[in-house]
Amino acid sequence: MIRVTLPYHLRTLARVDDEVTVDVQGEVTLRSVLDALETQYPMLRGTIRDHITGERRPFLRFFACEEDLSHQSPDTPLPDAVANGTEPLVVLGAIAGG
Amino acid sequence: MSGVRVLVGTRKGAFILSSDAKREKWDVSGPHFAGWEIYHAKGSPVDPDRLYVSQSSGWFGQIIQRSDDGGKTWFQPGTPPGEPTTTPEGMPKAESNKFVYDTSAETGAPLTTHQFYDGTQKPWEFKRVWHLEPSLSDPDTVYAGVEDAALFRSTDGGKTWHELSGLRGHGTGPSWQPGAGGMCLHSVILDPSDPARIFIAISAAGAFRTDDGGKTWKPINRGLHSLYIPNPTAEVGHCVHHIAMNPSRPNVLFMQKHWDVLRTDDAGENWHEISGNLPTDFGFVIDVHAHEPETIYVVPIKSDGEHYVADGKLRVYRSRTGGNEWEALTNGLPQSNCYVNVLRDAMAVDSLDSCGIYFGTSGGQVYASADAGDNWAPIVRDLPPVLSVEVQVLK
């Protein structure tokens, strides 16, 4: 069970109040977690990753275990603490403005 | 007893304003989709409870929302939650927020470039939906005018979208360029007398018309004169802000260009200026009275450098002569210290016997007149900046 924390507006779209959990078969990576998230919540497709390129949208970041994972390969294994559900993968909206 | 429902899109959500036919007392519902930019919301003329909304965000991209109960509940058309987003064969299933330019060999056009602000060429890149135009005959068919400029159509209630690529592939794309708000297709007018005829307008390319259901398009800009492009009478490149039609006369269109108000009496083949005695002919909105096709409305804005009404006075101008002769309508509107703008999709008319006129401002006010503009009153005063206003008459 993988825990994922979404920004407020994506929780609203997905109609969830809090952290969500997804099951991933095989290796736990950004790609596999986001694939599972979008399968469970198809209304989120295109909101985190671009429909065409599959790239992370520019104003979103991925954090976990006090690390910024935004720029790592989507196929890099996520930290063990995320894979075993101890820590969440955090999808965060970048702050623009003061 | 009939009533009206006003759909308001703002920078921070959608609002629904409802009243009976007197249009004096209003119920306000919202914000719907709080915190998101709502560029446009519009109902189906066939099924008024079918509403489509364009919801977007710089962070999360484009969303399409739909209601089948007049705005009481909403959903994103497409694959239901919990269902795989691909078929067992691996094909993607419906995604209502997926707008992909059609570059296929069968129906598409190559992804070419358009002019950027600095004159260099940039490839087309989808950004958002500016305008949703439901079909006149089928509630499941709806058109979307998007940035970068193109026209999409859904025939399954917004579940999937397909580009009518003949417009983007017209061949003049390299001379299209963004207006201050982006290179947007903002106006879509369906001809009630001819299902194959559609008029659209793009900032800044101009107006176009198809007579074959969107396969091929023709620029219809003869008569436009724009000093901000190298050739002021070029076939394309004009910053058309909005166009409007009275359905009873589909060959007559009215246009608010960046500067200049114009009309055509031959479906866009020729335009001529009707700015007449307007205090300034810069502006964004233009609309036509529901029952008097020669009565038109604009809100003059001081200039393209200032983007607010002139002299601190909010004045709607009405012409009952199809242009050239204009009267200021001020009763109930602020006439001092007012510096708001009224954006291109932020005016609408209803079809009640005494035609109602509605518009929203950058200051968050939505004004209504139940007597064709003679008297105005605010429905609400303190919404977020208004991007769009549409109205439905409910039986």
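Looking only at side-chain heavy atoms (C-beta outward), B/Phe60 and A/Pro7 come within less than 4.5 Å of each other.
Enclosure of atom CG in B/Asp382 is not indicated, since only 12 or fewer non-hydrogen atoms of other residues, nucleotides or ligands lie within 6.0 angstrom. Within a 6.0 Å sphere centred on CG of A/Asp80, heavy atoms belonging to other residues, nucleotides or ligands number 12 at most. Atom NZ of B/Lys127 sits in a crowded spot, with more than 12 heavy atoms from other residues, nucleotides or ligands closer than 6.0 Å.
Rounded to the nearest 0.5 angstrom, A/Thr12 OG1 and B/Phe33 CZ are separated by 11.5 Å. Separation of atoms CE (A/Met43) and CD (B/Gln76) is listed at 6.0 Å; rounding is to 0.5 Å. Between the CD atom in B/Gln62 and the NE2 atom in A/His51 there is a gap of 9.5 Å [rounded to 0.5 Å].
With a 4.5 angstrom heavy-atom cutoff, A/Leu13 touches chain B via backbone and side-chain atoms both. B/Ser57 touches chain A through its backbone: at least one of N, CA, C or O sits under 4.5 Å from a heavy atom, while the side chain does not.
The candidate from A/Leu44, A/Ile48, A/Thr47, A/Leu60 with the greatest count of non-hydrogen atom pairs under 4.5 Å with chain B is A/Thr47.
Nearest approach of A/Arg57 to B/Trp59, heavy atoms of both residues: NE-O, 2.9 Å.
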